[in-house]
Structures are given as C-alpha cells and as structure tokens.
Protein chains: 2
Amino acid sequence: MAPSSTSPTPHRRPRADAERNRTRVLDAAREVFRARGDEAQMPEVARAAGVGIGTVYRHFPSRAALIAAVGEQRQAEIVEFGRTRCLPSAAAADGLAAYIEHIGEVLSAERGLSASIEAAFGSTEPTGEGRARAETVAGQLLARAKEEGTVRPDVEVGDVVMIVCGLAAVIRNNAGDWRRYVRNACAGLRP
Amino acid sequence: MAPSSTSPTPHRRPRADAERNRTRVLDAAREVFRARGDEAQMPEVARAAGVGIGTVYRHFPSRAALIAAVGEQRQAEIVEFGRTRCLPSAAAADGLAAYIEHIGEVLSAERGLSASIEAAFGSTEPTGEGRARAETVAGQLLARAKEEGTVRPDVEVGDVVMIVCGLAAVIRNNAGDWRRYVRNACAGLRP
DNA sequence: TCATTAAACGGAATCGGATTCCGATTCCAC
DNA sequence: GTGGAATCGGAATCCGATTCCGTTTAATGA
C-alpha cells in the first residue's frame, strides 16, 4: 500500500493555472448559457473562455456537469440573497414570498439558466449540498412564519422547494405570468 | 400555375400502410418512452415499431416532433378523462382538484412522458390545440367553482395551467411528494 | 386482371456535436 | 536550473439524429 505522505484528505492544492482556467470556464459557461440558452455548445464555451476543449473537459467531466456547476453557482447566489435580504424581514411570510419572488426574477432574467437552476434546487440527488443550503434559508423563514401564524403548521420545507421547482418550469416553458403563480402558491401556504 | 383539380384542402387520403405505420410508430414510441424515459433513441423506437428508421422520419420530421406527438396524444386522453369524470362533479372545486390530481397520477406513472406532456400543456406555442383543449375543461370547472364561491374570482385558467406545468416539473425532478404540491396549489386558489 | 405510377419503405451514408486521447507545454518543488 | 507531474490544446473518435435514394408496394383505371 501507499506508504505515502498525505493524510485522509489527499487534496493537493491545484496548480495556479488550473484554478484560473476553471474559473474562466465557469464564467464563460455562465455567460454563454445566459446569452444563448443551455443549448449552447461546448466548443463555444471553450472559445469564450479562451481555452481548448480538452481543458473544459478536464475541469467538468461532461456537458451536464458543466451546466450543473453553473446552476449551483447561481443557486448559491440566490441563497445568499435570501440570507441577507429575506431572512431579516420582519414578517417571515413576506420574507419567504420575497425569496421566492427573487428566484423568479433571476430565472426570468436569465432564461437560459432555468434548467440548471431548476435541477440544482429541485432534484434530491445532486450533491445535496445545494438543496441543503436552499432549505436552510427557506426552513428558517418557514419556521418563523408558522410561529407568526401566517403559514399553516403542516407546511414543510419540501413544499416550498416544490413551489420553486414548479416556478422554474413555468418560466422555462413560458407558461404564463409567473408572478401570479408565485402569488397563488404563497396563498396556498396560508392557514 | 396549377390548373389542377383538388379543392382548398388537397388532403389525399393516405395510403393504408402509411396510416398503419404511423400508428405503429406512435404506439411504439409511447411504450419505449414510458419504459426508458425520453432519452430512448430513434433506432430503438423504429425497431420496436417494426419499421425502418426512414419510416419513422417520414411520419415525424424529428425526434422532438415524435415526442411532442406522444405528449399530445397523452394529453388528449387526460383531457378526455377530465371531460367525462371531472366536469360532472357536483362540487366544481373538487372536480378541478381531481382533474389536476389525475394529471399527477398519469405523469408519475409514466415518468418518461413528463417532459412531453409538460410541453403539451405548458407552452403557449405548440399547435395551441392541445392547450386550448385543456383550457376548455379547466375553464368550465373554474367558472363553476367561482360561482360556488370555492375559488377566488380573480383566478384565471392560466393560473391552473401554470400549476399543472409546475406539477410536471415536480414529478420529473422527483422534487418531493407531488400530492402535497397539488393540495397546496389548490388551496392557493381558494378565497 | 395487369400495367402504371406516385407514395412509402428501409437502411446505408452523412452530419453534428460531445467526449476521449495523447504529445506538447507549463507550473512547482527541490 | 532541472525533473516530473499536472495541465493544456485540439485532432481524432464515437454516437446518435437526420438525410438520401434505390427498392417495394398500394392504389388506380384500362
């Protein structure tokens, strides 16, 4: 066996250029997907990032992985917004509504990212990390809202996640006025 | 110019074998997509239908068109169910809930079709026919429910369509207990 | 019934885009 | 500065959708 050196976590600090390129690719992907939708092609991303295709694949094993990574990044920003802008809200139910509304805002502004964000929020599988983060903010607002009596006590975080997932679909499919969807969905949580 | 014969609608009755094959392909596609999800491949559908790939493409110009066709067929069945089972419901609000619930039932039973059905119901574009059909049933139930006072008067058919669209996404992404989603969504329509 | 012809068939060939591979290059530790 | 592992780049490969065209078949009417 390896009599080697490294401890339980053999994470070696990546080479500087590697880290830089990873960021470039991610940023480029974000931009390209935003502009052209997620049907944009890998070579296009590579070109935009100023690297070879091989490099894109070194950092993201597949197109799907790249899209997911972009989605998670976006999702992290959304959650951050929730933490700083919505959690502090005096009325928790309003904070929750604002949180969901904000998600709609981001999604509709960057249609091309809908699918990836929908996946990041929705599915129970992916890393789980993303979903966990999202549930933290929503969970706290939800708990407070229940105390306030502005949300039914039987509502669970999962219910909110499903609303968000549906919201993404509504926007992606251009199914209608998503603000109405949000309004109705929130109404559905009230006592 | 064509001094020809046929009237405004030059629809010539298709050859018998053509019509038969079209049906075979559609049925095979439905089965294959149900079993393997919509990532199933065209050759697979052709094989299942017992025809050549060329024949599949003769009847459906593209993979997307085939998927859409399957979706529309499914959607038509759903609407039919709505017309016969839900419209007659004494309490319109219950009928509407049952309608939506039934859609969830079908979608979750045949996960592979979610995407196509979501598209058939959701998007404002495709033929419009599908959506129009769906709106008829939902619209009537909605109108009655408003009269009953069990649904807010400001609710529109589009709101219901968005709920359905979201439902499809929830199921497709396995985002949670879709029955809860439906329950909450319906609650959101009440006064 | 049989010939004629447009329509439909089948599947090999083509095309496009994701993914893999590997020689050339670049960082980092010594 | 040198050695060698980690990266890079992009040509080559793979895979599945779609097209093309020679062959077959259903419909028509002599």
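Small disclaimer: the values here were computed from a predicted structure and weren't measured. Each chain gets a letter, A, B and so on, in the order the sequences are listed, and its residues count up from 1.
B:Arg180 is linked by a side chain to side chain donor-acceptor pair (under 3.5 Å) to A:Glu156, A:Asp159, counting only residues two or more places apart in sequence or in another chain. The salt bridge (charged side-chain N to carboxylate O under 4.0 Å, His left out) search around B:Asp94 returns none, not counting sequence neighbours. Residues passing the salt bridge (charged side-chain N to carboxylate O under 4.0 Å, His left out) test with B:Asp27: none are found, sequence neighbours excluded. A:Glu19 meets the salt bridge (charged side-chain N to carboxylate O under 4.0 Å, His left out) test with no other residue; sequence neighbours excluded.
At the phosphate of C:dA8, neither OP1 nor OP2 sits under 4.0 Å from any side-chain N or O atom of B:Thr55. Checking the phosphate oxygens (OP1, OP2) of C:dC9, a side-chain nitrogen or oxygen of B:His59 falls inside 4.0 Å.
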*Tell me, for nucleotides 23-30 of chain D in 5' to 3' order, what letter each nucleotide earns: B for a base near a protein heavy atom under 4.0 Å, S for only sugar-phosphate near one, - for neither?*
--BSS---
*Footprint string (nucleotides 12-17 of chain C, 5' to 3'): B base within contact, S backbone only, - free, heavy atoms under 4.0 Å*: -----S
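Atom CZ of B:Arg13 and atom P of C:dA8 are 13 Å apart (whole Å). Spacing between atom OH of A:Tyr57 and atom P of D:dT13 amounts to 17 Å, rounded to whole angstrom units.
For residues 71-96 of chain A, the ring pair (Phe, Tyr, Trp, His ring centres under 6.0 Å) pairs, not counting sequence neighbours, are A:Phe81-A:His102. Screening residues 142-191 of chain B for ring pair (Phe, Tyr, Trp, His ring centres under 6.0 Å) gives no qualifying pairs among residues at least two apart or on separate chains. Residue pairs meeting the ring pair (Phe, Tyr, Trp, His ring centres under 6.0 Å) criterion with at least one partner in residues 15-72 of chain B, sequence neighbours excluded, are absent.
Along DNA chain D, the nucleotide nearest to A:Arg58 and the one nearest to B:Arg58 differ in position, and the one closer to the 5' end is contacted by A:Arg58.
Proximity of A:Asp17 to A:Arg20: side-chain heavy atoms (C-beta onward) are separated by under 4.5 Å at one or more points.
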